[in-house]
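Structure first, then comments.
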Number of protein chains: 4
Amino acid sequence: MRDTVSRYSSAVTADETTRMGRPRSERSRRAVLHAVDDLLVDVGYAALTMKGIAERAGVGRQTLYRWWTTKAEILLEAIVDDVEEELTTPALPDAADDLAAYLRELRDFLLTSPAGHAYRALVGEAQHDPTVRDLVHTADLLGTSARAVLDRVRPVAPAMPSADLGTAQFVGPVVYQALTTGTGFPDDDLREHVRTLLDRWST
Amino acid sequence: MRDTVSRYSSAVTADETTRMGRPRSERSRRAVLHAVDDLLVDVGYAALTMKGIAERAGVGRQTLYRWWTTKAEILLEAIVDDVEEELTTPALPDAADDLAAYLRELRDFLLTSPAGHAYRALVGEAQHDPTVRDLVHTADLLGTSARAVLDRVRPVAPAMPSADLGTAQFVGPVVYQALTTGTGFPDDDLREHVRTLLDRWST
Amino acid sequence: MRDTVSRYSSAVTADETTRMGRPRSERSRRAVLHAVDDLLVDVGYAALTMKGIAERAGVGRQTLYRWWTTKAEILLEAIVDDVEEELTTPALPDAADDLAAYLRELRDFLLTSPAGHAYRALVGEAQHDPTVRDLVHTADLLGTSARAVLDRVRPVAPAMPSADLGTAQFVGPVVYQALTTGTGFPDDDLREHVRTLLDRWST
Amino acid sequence: MRDTVSRYSSAVTADETTRMGRPRSERSRRAVLHAVDDLLVDVGYAALTMKGIAERAGVGRQTLYRWWTTKAEILLEAIVDDVEEELTTPALPDAADDLAAYLRELRDFLLTSPAGHAYRALVGEAQHDPTVRDLVHTADLLGTSARAVLDRVRPVAPAMPSADLGTAQFVGPVVYQALTTGTGFPDDDLREHVRTLLDRWST
DNA sequence: ATCTAACCGAGACGGTACGTCACGTCTTACA
DNA sequence: TGTAAGACGTGACGTACCGTCTCGGTTAGAT
């Protein structure tokens, strides 16, 4: 995931040897990512504009367009690290506990965390713009962390299906609920969901 | 569902007694709904504008704003009937067959049907705009049809959990996959998913 | 001259019969012309921008572009009346006095009057933009008033050449001096110039 | 004239003693002047930009700003030699022939020559920018050559007035016509104009 | 048979973001 | 120190759409 996204910032600077002309300003890059983070909380995604980002960051508009093509692209680069960090749960001895803990974290992430808000906004934008869909699909923010947790319980869940289906069965219901209703399931429901999966996977 | 949505069109005409002045033009209403359908296919949701809808429909801008507040609202009214129709599967004797058939229909609806495209656009917009989120939540386009199918198999699935969780477990993985990757699962994966649920629900 | 320019405002409103839609706002038109007048004095032609005009006039940018294509066009419409008014001198009994009075007025107009400043800016812009050149050529702000004065003395100047050459001989030196040096000739020089012309024309 | 303008290029290199560090690149200077000449013909003055000049010349932007402050200044330096050369007519025995020949050359220069185009652009810019006005006034491109011709006929035109007025009377009408209408007078009109002047001057 | 109220289309209005362009300055590596 | 390259912050460009407004006209029930 890191590698996937760090392309955006390294593609130019790492161009084989040294570059000509003034190098890209790391200061501006950071200012933009922080500005986008702040603005998403302050005004929401719908009111998030390239102009607004540039002004908040104290950066020229051209600089934005030079390095990013879409506000979604900026947002993705801004949150990718946060998502990875916020969705990392410590391994628990019991498989059911392990999975349930992750789903609680995922639910709270989607509903309350700024990064979760950004993630939902990105998935939303992906429905309108194919470019963003590819971006979101490639970054696969949730899938990466979910797969990590599933891999941990694989020893006691030998019948777990292919990564795609397993992941979707695991996180799909929680994400679906958050995206369509803006609500999350109580802890007991999450446990019940985990048991449903483990029952079949632990044959 | 119908009633929920038909409010938007009936609120005025059915206002207790008869109204004064020129009545709402049914012709314009239909023209708008058709225009929105056409434009979604032609230009996509991102390029769908109130101005564009008005011009395509041969209708004044004011007329749009008089009866709808958002392009999402128009879109919802335009597709609600289609969704209901496209997601209605005939009951099958075997529960697993019944559920799998619905999921296949749902998958194809989300990925290929114009109404499915509109549905995804609405869920997407819901992530940006709380008003739309309530609209989508209230209409509950998918939940209604999914619940109907689940109710059919309830006799052989007595352990099925609460409607919300059961529905989310059922359709969540398929919707999640469509929204985040734009792809669908093969039929076999859908059958496997159905078996996972029925295994636990049929205690 | 009036007719030439009034085209800009009447071309649309006078379109045969009555028009559809909201009619053009005369209030906005006036606000724009006043704003352009003020700004020329305040910031000069080089710093005169469409954006600045719109903001000063309290008018949308689109409104500017809807009715004018160039800031030069706005400026021309704004000053055409002033020019006509400022360059009108009362007829004097002596031909030499009559012509000299006009040239003094013209010199002061070019060097000190706001409208004269605008005229020089327009002629300047005409050197860069063929569209403006046609505009200036067609309006022929100076030529019109100069020709009127020449016509008055024609009875005592039967050898006056064609209108174009006569006018250019008459006002050319004064305009040339103003455009290339920003200065004007003393009254005595203007009298000498008039005598030079009348000597030959009064054969 | 030459001296006046060559200040712009010699100010640094000829600074009393020898300079430290890398000397100014004569190669870059020539490239810039040629680029400005070419671009004026290709794209016109309005589309002539510092950026464009730098790219066409294969020169850094900083280099432009180091040695010139304005595109007008570059243009002036680029054409000054051409103007002098193109407006030099051989002396003719008859005064009227001499003056008329110069006016024909001046007319054609203004209307068809690239350097004439540049001159008109400079005079145009001078109306917008006081800095350029001083530049044009000081260089006095036309006045210098015109005065030279007038001096030649002075022996037979003893009543010729002060240099400024005489020059303005001589070239003013032709320049006025070119600047305001983009047209020139036929040869006969130019002869008539010369006769008007000589009639009075040869008393 | 008017009158009146609410609708209708068209389209101009003041705003504001869009993505691009040129400005003049700066920061690199190289000569 | 001069140079080419090129990124930087600034700000105007002309366009598009926003949601509102003002026209002339239409279509009903109420007078």
Side-chain angles (χ1 to χ4, degrees), chain A residues 12 17-25 27-29 31 47-55 57-67 69 71, chain B residues 12 17-25 27-28 47-55 57-67 69-71, chain C residues 12 17-25 27-29 31 47-55 57-67 69 71, chain D residues 12 19-25 27-28 31 47-55 57-67 69 71:
Chain A
V12 174
T17 71
T18 69
R19 307 254 311 150
M20 269 195 316
R22 181 178 180 172
R24 178 175 183 183
S25 162
R27 191 182 173 289
S28 291
R29 180 180 163 272
L48 191 65
T49 65
M50 290 297 253
K51 193 191 180 205
I53 296 169
E55 284 171 358
V59 143
R61 308 255 293 280
Q62 194 70 250
T63 300
L64 254 57
Y65 289 107
R66 201 183 338 257
W67 302 113
T69 63
K71 58 182 179 173
Chain B
V12 175
T17 69
T18 68
R19 308 256 309 153
M20 269 197 317
R22 183 178 178 174
R24 177 174 184 184
S25 162
R27 190 183 173 287
S28 291
L48 190 66
T49 65
M50 292 294 255
K51 192 191 179 202
I53 296 169
E55 284 171 358
V59 144
R61 312 255 298 277
Q62 197 69 255
T63 302
L64 251 59
Y65 289 105
R66 206 188 328 263
W67 303 112
T69 64
T70 308
K71 61 181 178 175
Chain C
V12 175
T17 69
T18 70
R19 306 253 312 150
M20 269 195 317
R22 181 178 178 172
R24 177 174 183 182
S25 162
R27 189 182 174 288
S28 292
R29 179 179 164 274
L48 192 64
T49 65
M50 290 297 254
K51 193 190 182 207
I53 297 169
E55 285 171 357
V59 144
R61 224 116 73 75
Q62 195 68 247
T63 301
L64 252 56
Y65 289 106
R66 193 169 1 242
W67 303 111
T69 64
K71 58 182 179 173
Chain D
V12 176
R19 307 258 310 155
M20 275 197 313
R22 181 175 179 176
R24 177 174 183 183
S25 161
R27 191 183 172 287
S28 291
L48 190 65
T49 66
M50 292 296 254
K51 193 190 178 201
I53 296 168
E55 285 171 358
V59 142
R61 311 257 294 281
Q62 198 68 255
T63 301
L64 252 58
Y65 289 107
R66 208 188 325 265
W67 303 112
T69 64
K71 59 180 180 177

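Reminder, nothing fancy here: chain letters follow the sequence lines and each chain counts from 1.
- Contact annotation: B/Trp67 side-chain N/O to E/dC8 OP1/OP2 distance is under 4.0 Å.
- The two residues D/Met50 and D/Leu64 make their nearest non-hydrogen contact at O-CD2, 3.3 Å.
- Within 6.0 Å of CZ on B/Arg27 lie no more than 12 heavy atoms contributed by other residues, nucleotides or ligands.
- If you take CD1 of D/Ile53 and C1' of E/dC23, they are 13 Å apart, rounded to a whole angstrom.
- The CZ atom of B/Arg24 lies 5.0 Å from the CH2 atom of B/Trp67; values are rounded to the nearest 0.5 Å.
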Give every pair of a protein N or O atom and an N or O atom of nucleotides 4-6 of chain F that lie under 3.5 Å apart, one pair per line with the distance.
residue	atom	partner	partner atom	Å
F/dA4	OP1	D/Ser28	OG	3.0
F/dA4	OP2	D/Gly60	N	2.9
F/dA4	OP2	D/Thr63	OG1	2.8
F/dA5	N3	A/Gly21	N	3.4

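- We find that NZ of B/Lys51 is positioned 14 Å from P of E/dC13, with the value rounded to whole Å.
- Separating the CG atom of C/Leu64 from the P atom of E/dA12 is a distance of 15 Å, rounded to the nearest angstrom.
- With DNA chain F read from its 5' end, the first of the two nearest nucleotides for C/Pro23 and C/Thr49 is the one closest to C/Thr49.
- Remark: C1' of E/dG11 and OH of B/Tyr65 are 14 Å apart, rounded to the nearest angstrom.
- With rounding to whole Å, B/Glu55 atom CD is found 14 Å from E/dA12 atom C1'.
- To the nearest 0.5 Å, atom NZ of residue A/Lys51 and atom CZ of residue A/Arg61 are 6.5 Å apart.
- The CZ atom of C/Arg29 sits 14.0 Å away from the OG1 atom of C/Thr63 when rounded to the nearest 0.5 Å.
- A/Leu48 places its CG atom 18 Å from the P atom of E/dT16, with the value rounded to the nearest Å.
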